[in-house]
Amino acid sequence: MGYDDEEGVDAEFSSGRAGDELHVVGIRCALSGAIPDRRSMDRIPSGKGLPEPNTKLSHLGRAPAEHAGIVNVPVYRGSTIVSESLEEWDRRKQNPVTNYGRFGSPLSRALEAAICELEGGYRSILFPSGLSACSHALLGILKAGDHVLICDNVYEPVRIFANEVLTRFKVKVEYFHPTQPSDLLAKIGAKTRAVYLESPGSLTFEVQDLPALCAIAHHSGALVLMDNTWATPLYFKPFLHGVDISIHAATKYIVGHSDALLGIATANKEAWPLLQPSAHHFGEIAGPDDIYLALRGLRTLAVRMRQHCENGIKLAQSLEDHPAVGRVLHPALPNDPGHNIWKRDFLGASGLFGVVLKAMPKAQLSVFFQKLRLFGIGLSWGGYESLALPVDDPPRTEAKVSFDGPLIRIHAGIERPSDLIADMHQALQAACEHSVSDAAYQDESRDG
């Protein structure tokens, strides 16, 4: 997106529930200099009666008439943008996004406009990774002497960035208990410039009372940033709940195929002048091929998320009573501590959740992973494939957690749910049988 001398398209928005969908009846979204006229970009009607997600995702950010009738926006690779005359050059200088490739292209602005509309924000900007979006959003808000409050269940690389980089810039970093708004209220002060949220929390999936936390932050004059990657723009509407900047690791569900790295941040009108320069001043730009892959992934986001949601919930439910499982961490389950807030604020769930196994030795855990056939071991998530990752107890300062057994982060892909359930259960059964056979071997050794 461009600088603030661009014309924006603003409209009020409100919401109403109908079944499991949120119908946004107006969108604030700004289109920048080189973007085609909105009427050619998006022929679906705006205003009241916006189509449901599948229809929107099939049309947002497309402008076939501007690209020789090609359905998808082509990949734009370029640094230099030439002008045909001095007068054209003078016009381009008034809006830097149209005179140099570092400030984007019709391809990048198509994705930014689409995400902006889905999120219900003012404008969006791309970054080369999710962490880049998180860190530069914070850098755009904070300066030396400011105070930032971060939820204690934040994505660990953000915690590292805050502790090792923000503190070096003389920003006071403090953490608060993610499920206790009173803790935020007690710690917030006149110098608090930003409150950083992530719901559900990283690895342990606590759900935060986002409207309450936003209200506390705004009452003290602080801006609210939120990592919305887990829910995607489809299942949580951040700006309807008080968030000022919404951040996504588009690497995950937006790309959806585990083949690109990308981040995106969307701001409301107040926060945009702080967010946008942060990317340009640091020279941050996403690669054109990654952007193209994200636009491609966006088209099937609603279809994929329905399957991820269904698979994740069915798999989590199947594990609740398994003898090898101590606890399932999934907010869509009725007995989860955050279920009521999740049900109130969210429109669905993703395929990511946690499982705490009962105590077992490393050899037994190794058998479990060896027997899995449909779940790979790997970082990241949000692709079509299923993953299972062993993780250490996450770092905490205010909401410390400790589990009796191994913590496993599970991502349910889009395979048939019964296949995922069968594979997970046979691997757990193999681990349990290994424990029994190992104990029998030890008894025989003692008898001998």
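These numbers were taken from a predicted model, which means no experiment stands behind them.
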Euclidean distance, [Y] [atom2] relative to [X] [atom1], rounded to 0.5 Å:
{"X": "Leu203", "Y": "Phe353", "atom1": "CG", "atom2": "CZ", "result": "14.0 Å"}
{"X": "Phe346", "Y": "Leu234", "atom1": "CZ", "atom2": "CG", "result": "13.0 Å"}
{"X": "Leu428", "Y": "Leu319", "atom1": "CG", "atom2": "CG", "result": "6.5 Å"}
{"X": "Arg304", "Y": "Ile414", "atom1": "CZ", "atom2": "CD1", "result": "7.5 Å"}
{"X": "Thr55", "Y": "His59", "atom1": "OG1", "atom2": "NE2", "result": "6.5 Å"}

Could you check whether Arg91 and Ser83, counting side-chain N and O atoms only, form a donor-acceptor pair closer than 3.5 Å?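 No, no side-chain donor-acceptor contact under 3.5 Å.
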For a quick test of your reading: what N or O donor-acceptor pairs under 3.5 Å do the side chains of residues 289-296 make, sequence neighbours left out?
unit_1	atom_1	unit_2	atom_2	d
Asp289	OD1	Arg77	NH2	2.6
Asp289	OD2	Arg77	NH2	3.4
Arg296	NH2	His257	ND1	3.1

Excluding sequence neighbours, so at least two apart, what forms ring pair (Phe, Tyr, Trp, His ring centres under 6.0 Å) with His248?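 By the ring pair (Phe, Tyr, Trp, His ring centres under 6.0 Å) rule, His248 matches no residue at all.
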Listed by chain and number, what are the ring pair (Phe, Tyr, Trp, His ring centres under 6.0 Å) partners of His136, not counting sequence neighbours? Phe127, Phe282
Are any of the side-chain nitrogens in [X] or [Y] under 4.0 Å away from the carboxylate oxygens of its partner?
{"X": "Lys237", "Y": "Asp345", "value": "no"}
{"X": "Glu88", "Y": "Arg92", "value": "yes"}
{"X": "Glu310", "Y": "Arg306", "value": "no"}

Is a side-chain donor or acceptor of [X] paired with a backbone partner of [Y] at a separation under 3.5 angstrom?
{"X": "Ser105", "Y": "Leu107", "answer": "yes"}
{"X": "Thr266", "Y": "Ser124", "answer": "no"}
{"X": "His330", "Y": "Ala316", "answer": "no"}

Enumerate, atom names and distances included, each donor-acceptor pair closer than 3.5 Å involving a side-chain atom of residues 371-380, sequence neighbours excluded.
unit_1	atom_1	unit_2	atom_2	d
Arg373	NH1	Gln370	O	2.7
Arg373	NH1	Lys371	O	3.2

More than 12 heavy atoms from other groups under 6.0 Å of CZ on Phe369: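 Yes.
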For residues 219-229, please give each side-chain donor-acceptor pair under 3.5 Å, one per line with the distance, not counting sequence neighbours.
unit_1	atom_1	unit_2	atom_2	d
Asp227	OD1	Thr229	N	3.0
Asp227	OD1	Thr229	OG1	2.7
Asn228	ND2	Glu119	OE1	3.3
Asn228	ND2	Phe236	O	3.4
Thr229	OG1	Ala249	N	2.9

Parallel, tilted or perpendicular, as decided by the 30° and 60° cut-offs, for the rings of His280 and Phe103: perpendicular
Listed once per pair and sorted, the salt bridge (charged side-chain N to carboxylate O under 4.0 Å, His left out) pairs that draw on residues 199-215, sequence neighbours left out: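 Residue pairs passing salt bridge (charged side-chain N to carboxylate O under 4.0 Å, His left out), neighbours aside: Asp209-Arg344.
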